[in-house]
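From a predicted model like this one, the values you see are computed outputs, not experimental measurements.
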Amino acid sequence: MLSPRDQAIVAERAAGTTVTALGRRHGISHQRVSAIIAEAREMLDMTQRELAAAATRGNEVAYAIPFGPDYQPEMAFIDWLTAQLRHRGVRLEVATRHAHNGVVLFLRDVTPHEGEAS
């Protein structure tokens, strides 16, 4: 999982902030920002594979997000992640369960596959 700072960078980049501006804001080089974006894409690929594997067993993928100072960046990152998955054609169902210390998001791939009814 990416650090909360890295998740914030990914969300800000998705909102249109340049890598140079992000580097300045976070005190890192623009090359490091690009590397963070590449790591996020690797995580996106991994999540897509995990969702597909879970779907074959009728399961889902869960993300626990604790309340605290990193809550908003983590939620923004999950928004980015689900938007990117949908952009790739993955149909998602997202269920939210609240707890006293945070939320858990359950992602289920409901994409019809060959031989299945849509």
Are Val94 and Ile65 connected in the hydrophobic side-chain network, where two residues link if heavy atoms are under 4.5 Å apart? yes

Distance (rounded to the nearest 0.5 Å) between Arg91 CZ and Leu85 CG: 14.5 Å

Tell me the closest heavy-atom pair linking Gly58 and Arg108, and the distance in Å. O-NH1, 3.1 Å

From CG (Leu81) to CD (Glu74), nearest 0.5 Å: 12.5 Å

Residues Met43, Phe77; criterion side-chain contact (heavy atoms from CB on, under 4.5 Å); working and verdict: CA-CA 11 Å; Met43 185 176 172; Phe77 180 76; 3.8 Å; yes

Between Tyr71 and Pro66, which heavy-atom pair has the shortest distance, and what is it? CD1-O, 3.7 Å

Heavy atoms of Phe67 and Ala99 approach each other most closely as CE1-O, 3.7 Å

If you take all heavy atoms of Leu2 and Ala40, which pair is closest and at what distance? CD1-CB, 3.7 Å

Value for CZ (Arg24) from CG (Leu22), rounded to nearest 0.5 Å, stands at 9.5 Å

Arg32 and Asp6: side-chain contact (heavy atoms from CB on, under 4.5 Å), yes or no, with the steps? CA-CA 10 Å; Arg32 180 66 192 130; Asp6 292 354; 4.1 Å; yes

Does the side chain of His26 reach to within under 4.5 Å of the side chain of Glu12, using non-hydrogen atoms? yes

Would a 4.5 Å heavy-atom cut-off, applied to side chains only, mark Thr111 and Leu51 as touching? no

Beyond-backbone contact of Ile36 with Val10, side-chain heavy atoms, under 4.5 angstrom: yes

Side-chain (Arg13) to main-chain (Thr17) donor-acceptor, under 3.5 angstrom: yes

Can you check side-chain hydrogen bond (donor to acceptor under 3.5 Å, both in side chains) on Tyr63 and Thr82, steps first, answer last? CA-CA 12 Å; Tyr63 290 98; Thr82 57; over 6 Å; no

Using a cut-off of 6.0 Å, state whether more than 12 heavy atoms not belonging to Arg5 lie near its atom CZ. yes

Between Leu44 and Arg88, is there a side-chain heavy-atom distance shorter than 4.5 Å? yes

Given side chains that start at C-beta, do those of Met75 and Leu105 come closer than 4.5 Å, heavy atoms only? yes

Quick one: do Glu93 and Val110 satisfy side-chain contact (heavy atoms from CB on, under 4.5 Å)? Show the steps, please. CA-CA 7 Å; Glu93 284 182 355; Val110 294; 3.7 Å; yes

If the condition is side-chain contact (heavy atoms from CB on, under 4.5 Å), which residues does His98 pass it with, not counting sequence neighbours? Thr96, Val103

When rounded to the nearest 0.5 angstrom, what distance separates CG in Asp109 from CD in Glu50? 12.0 Å

Tightest non-hydrogen contact, residues Pro69 and Pro73, listed as O-CD, 4.1 Å

What residues form a side-chain contact (heavy atoms from CB on, under 4.5 Å) with Asp79, not counting sequence neighbours? none

Please answer: with hydrophobic residues joined when any side-chain heavy atoms are less than 4.5 Å apart, are Met46 and Phe106 in the same cluster? no

